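First the structure, in the form of structure tokens, and then the observations on it.
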Amino acid sequence: MVTLPDGAKKELKAGDTAADLAKSISEGLYRNCVGALINDQIKDLHTPLHTGDKVKLLTAKDEESLELLRHSTAHVMAEAVQSVFPEARIAIGPTIKDGFYYDFEIPEHTLSIEDLEKIEAKMKEIARENQQIVRFDIPDVDKQLDEFRKDGEKFKAELLEEHRDHNPTLYLMKDKDGKVIWNDLCAGPHLPSTKHIKAFKLLKVSGSYWRGDENRENLQRIYATAWWSKQDLDDHLTRLEEAEKRDHRKLSKQLDLFSVHEEVGPGLIFWHPNLATVRDTIEENWRKEHRKRGYQFVYTPHVASEDLYKISGHLENYAENMYAPMDIDEHPYRCKPMNCPGHIMIYKTKLRSYRDLPLRYAELGTVYRYERSGVLHGMLRVRGFTQDDSHIFCTPEQLKGEIDGIIDLIDKLMTTFGYTYKCYLSTRPEKYLGTDEEWELATSGLEEAMKDRGIDYEIDEGGGVFYAPKIDVKLFDAIGREWQGPTIQVDLNLPRRFDVSYIGEDGEKHRAIMIHRAVLGSMERFVGGLIEHYAGAFPLWLAPTQVLVLPISDRHQEFASKVHQQLRDNEIRAHIDNRSETVNYRIREGQMQQIPYMVVIGDKEEAEGKVAIRHRRDGQVGTLSVDELLAKLKSEIDSKEQ
RNA sequence: GCCGACGUAGCUCAGCCGGUAGAGCAACGGUUUCGUAAACCGUAGGUCGGGGGUUCGAAUCCCCCUGUCGGCUCCA
């Protein structure tokens, strides 16, 4: 007796499988069935059922079934690779978001694009052959180990050795006569056969390490994707192309946003005027929102004596991410990797009373960190960047309220940019500093602030850093991609190291709580992400050029210049294009520069004292007097319309 | 850092098996004065990322350096 999703019960014979269940319901369902969700776990279609099981049969329509498809396609890919390159040894091949990969060791050969085509062709062949994918319990682990070793499958042997006590299974690929063609050590689950595999594409090859360990074997990884239908695959490929078009590095060239220079060094960003305008506007807004919330702005030096980082512990724990020391008057100095010690210096210039707290220091603080050369990426992963950093010093009683205030600020700023977000609470990891009581106080402060606000959050158990529990916020952009967003940490380390304290109501000295938070993160990463989020079309309030004035011919120059000046007088970022190019040409350029508004001025407009408005998305939207235009622009700017 | 790919004019890219560079756009000069996404004619522009080697001869082949790009966490 098993239960179906609609609550119906179904009587089965002993030893019946999910496939038998499907068959008993309808032949069509059986044909389309690829697996089953048994007690909420994805299983093979041929898994025996037991009394009391909750069973949901999976077909291509079910979201969960994609996992089966991709995992099985990974096996087919591995089979194909070993068919094309018999000397290839297989490592692991899990599913990932939107696809899967498989790692191989192929002696004396590096995979090329042409190889991918060959492998794809072979995969199609395997799919067409309708090979059966059969689960097989390994009866004699030692014998199987010998088998793997004999075949040179050292990775599989290593894995089997580790999993020998966990009922290891093989998956066998069988041809129509039941002959085993290929096998892979795998926990499954899988599709019943390869006939369901119709729409897949191998995307790229790259390097990896066996078990992600750089001291171990170098492997070659093939990334691929698989979908139930050609249509789904095509849609996915189109989405990838879309994302590529939004690449901030690409848009930077079109829109003249930023650059990096070999002569200067990798990971160091030059902000061109256009992007500097965007940043400046963001920072202005950032300051305004901070002032409203009682923050005080500070500035701290960009280099500091190593003495400071000895106290902070950075030298001990963070040295590999820091720029090497420089010798100043025979004393080592470092570029600052974080702003916190600097803010603590300011705090400690006086004896603080509980009446002074909370103190909220904020700084757009530029830091330098050594990142391994291979991980640098446009503006998103760099070596020098400006954090919108703040450190709040408060009493334990104030903690929750401060967290609440930060969440309010986060919500305000993220909504301003049209991001949706999700919060994660990371709790104490295995290795940690501080006492259990401190962790409890800090963690519950974070959690309760979210609870009181009614914010949806997930808990990442043990995901905190060694010195702090934290709230991480993930952002979702215009095309649903995820970005690392704001973070709040309750630091249990630095207040102790620097003896950050205050005098309480009781006249005694108490350790202050120090909250570390960044909302935008780094200006580089945030603005880089924004470029992609908006696909280069910044909303009016952020746009580098807000209005482009276009006189139709030379006789309209004078009026056009007046309009231009009037806009500028009203703090609109306006430019005029009075080159002797056709109107069409200049409009095209304005469009390609993603300028929100163009105002066209010809005989008609001059006669009426008005301007013709063109919006980059809506095209011609009528004529307005300059005053009317100013009012329209101001309201759109003030509301920060997306 | 490691694996792989790539680096040709400001941009996008061509240049096969070695015979010392080419297009479009942009720029510049002129003509055109135009009504909502590319007017016409002309000119100039490159030590082919840097260094070394092979060769009579290297953008092209080999080595080193540098930068960029894709990955290196998602566990049979």
Side-chain angles (χ1 to χ4, degrees), chain A residues 71 74-75 78 90-97 99-103 105 109-113 138 144 148 153 155-164 166-171 183-188 203-223 244 247 249-250 252-254 256 259-267 320 370-378 548 550-557 578-593 598-605 612-616 618-621 623:
Chain A
H71 197 182
H75 277 229
I90 54 177
I92 56 166
T95 57
I96 50 174
K97 187 172 186 290
F100 60 90
Y101 66 78
Y102 213 114
D103 284 345
E105 184 180 60
H109 183 82
T110 47
L111 291 168
S112 65
I113 306 295
I138 298 173
Q144 186 59 46
F148 278 145
E153 296 288 4
F155 305 112
K156 290 296 167 189
E158 186 176 327
L159 291 170
L160 176 55
E161 192 78 67
E162 274 170 38
H163 288 271
R164 62 184 310 144
H166 305 104
N167 306 317
T169 52
L170 289 184
Y171 272 80
N183 74 71
D184 192 352
L185 179 70
C186 182
L203 298 173
K204 55 195 172 199
V205 288
S206 72
S208 64
Y209 303 104
W210 172 231
R211 321 208 104 181
D213 181 345
E214 58 192 87
N215 299 312
R216 301 211 50 185
E217 290 89 336
N218 241 307
L219 305 174
Q220 301 187 60
R221 174 172 298 179
I222 303 178
Y223 282 91
E244 219 171 289
D247 190 309
R249 295 163 302 191
K250 208 168 164 172
S252 169
K253 283 186 178 158
Q254 284 167 33
D256 193 12
S259 56
V260 286
H261 303 268
E262 200 168 334
E263 306 87 307
V264 178
E320 69 212 32
Y370 172 74
E371 298 280 357
R372 298 163 123 208
S373 60
V375 304
L376 301 173
H377 181 96
L548 184 65
L550 296 175
I552 286 188
S553 76
D554 287 348
R555 65 177 176 279
H556 311 113
Q557 292 260 20
N578 49 17
R579 293 176 300 170
S580 88
E581 299 284 355
T582 61
V583 176
N584 275 324
Y585 181 89
R586 287 175 288 159
I587 284 178
R588 179 181 148 85
E589 264 197 3
Q591 277 296 135
M592 291 196 309
Q593 289 304 305
M598 285 183 256
V599 308
V600 179
I601 293 167
D603 289 335
K604 239 180 4 202
E605 288 72 23
I613 317 290
R614 180 193 167 95
H615 183 260
R616 68 179 164 205
D618 304 332
Q620 291 184 99
V621 291
T623 61

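Each chain gets a letter, A, B and so on, in the order the sequences are listed, and its residues count up from 1. Keep in mind the model is a prediction, meaning the values are calculated, not measured. Keep in mind that the numbers below use all heavy atoms, side chains included, and drop hydrogens, waters and symmetry copies.
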Nearest-Å distance, [atom1] ([X]) to [atom2] ([N])?
{"X": "Tyr585(A)", "N": "U36(B)", "atom1": "OH", "atom2": "P", "value": "18 Å"}
{"X": "Tyr101(A)", "N": "G70(B)", "atom1": "OH", "atom2": "P", "value": "18 Å"}
{"X": "Glu371(A)", "N": "C2(B)", "atom1": "CD", "atom2": "C1'", "value": "16 Å"}
{"X": "Ile587(A)", "N": "U33(B)", "atom1": "CD1", "atom2": "P", "value": "19 Å"}
{"X": "Leu219(A)", "N": "C74(B)", "atom1": "CG", "atom2": "P", "value": "12 Å"}
{"X": "Glu244(A)", "N": "G70(B)", "atom1": "CD", "atom2": "C1'", "value": "11 Å"}

Does any part of the side chain of [Y], heavy atoms only, come nearer than 4.5 Å to the side chain of [X], both counted from C-beta?
{"X": "Phe148(A)", "Y": "Glu158(A)", "result": "no"}
{"X": "Cys186(A)", "Y": "His71(A)", "result": "yes"}
{"X": "Glu161(A)", "Y": "Lys156(A)", "result": "no"}
{"X": "Val600(A)", "Y": "Ile552(A)", "result": "yes"}

If the [atom1] atom of [N] is compared with that of [M], how far apart are they to the nearest Å?
{"N": "U55(B)", "M": "U20(B)", "atom1": "C1'", "result": "14 Å"}
{"N": "U8(B)", "M": "C3(B)", "atom1": "P", "result": "24 Å"}
{"N": "A5(B)", "M": "G42(B)", "atom1": "P", "result": "44 Å"}
{"N": "A21(B)", "M": "G50(B)", "atom1": "P", "result": "16 Å"}
{"N": "C41(B)", "M": "U47(B)", "atom1": "P", "result": "29 Å"}
{"N": "U54(B)", "M": "C63(B)", "atom1": "C1'", "result": "11 Å"}
{"N": "C56(B)", "M": "A23(B)", "atom1": "C1'", "result": "32 Å"}
{"N": "G15(B)", "M": "C61(B)", "atom1": "P", "result": "13 Å"}

Considering every strand and a 4.0 Å limit on heavy-atom distances, what is the contact class for [X]: base, sugar-phosphate, or nothing?
{"X": "Val260(A)", "result": "nothing"}
{"X": "Gly212(A)", "result": "sugar-phosphate"}
{"X": "Asp554(A)", "result": "base"}
{"X": "Lys97(A)", "result": "nothing"}
{"X": "His166(A)", "result": "base"}
{"X": "Glu605(A)", "result": "base"}
{"X": "Val583(A)", "result": "sugar-phosphate"}
{"X": "Arg372(A)", "result": "base"}
{"X": "Gln220(A)", "result": "nothing"}

Mark yes or no for a side-chain to base donor-acceptor pair under 3.5 Å between [X] and [N], with no hydrogen or angle criteria applied.
{"X": "Tyr209(A)", "N": "G1(B)", "value": "yes"}
{"X": "Glu320(A)", "N": "G1(B)", "value": "no"}
{"X": "Ser580(A)", "N": "U32(B)", "value": "yes"}

Check your understanding: From the list G67(B), A37(B), C34(B), which nucleotide is the closest neighbour of the side chain of Arg586(A)?
Key -> C34(B)
Review point. Does Arg221(A) count as lying over the ring of Tyr101(A), i.e. NZ or CZ under 6.0 Å from the six-ring centre, within 45 degrees of the axis?
Key: yes
Could you tell me the Watson-Crick or G-U partner of [N], where both distances fall under 3.5 Å? Say none if there is no partner.
{"N": "G1(B)", "result": "C72(B)"}
{"N": "C48(B)", "result": "none"}
{"N": "A59(B)", "result": "none"}
{"N": "A27(B)", "result": "U43(B)"}
{"N": "U36(B)", "result": "none"}

**Study point:** Parallel, tilted or perpendicular: ring planes of Phe155(A) versus Trp210(A), cut at 30 and 60 degrees
**Key:**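 Correct class here is tilted.
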Practice item. Step by step, work out the side-chain contact (heavy atoms from CB on, under 4.5 Å) result for Leu159(A) and Arg211(A). Key: CA-CA 10 Å; Leu159(A) 291 170; Arg211(A) 321 208 104 181; 2.8 Å; yes
Review point. Of Ile601(A) and Gly374(A), whose nearest nucleotide on RNA chain B comes first from the 5' end?
Key: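 Its nearest nucleotide lies further toward 5', so the answer is Gly374(A).
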Check your understanding: Toward the 5' end of RNA chain B, which comes first, Asn218(A) or Ala91(A), by nearest nucleotide?
Key ->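 Its nearest nucleotide being more 5', the pick is Asn218(A).
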Exercise for review: Evaluate the side-chain hydrogen bond (donor to acceptor under 3.5 Å, both in side chains) criterion for residues His556(A) and Asp603(A): first the C-alpha distance (whole Å), next the side-chain angles of each, then the deciding distance (0.1 Å), finally the verdict.
Suggested key: CA-CA 7 Å; His556(A) 311 113; Asp603(A) 289 335; 2.7 Å; yes
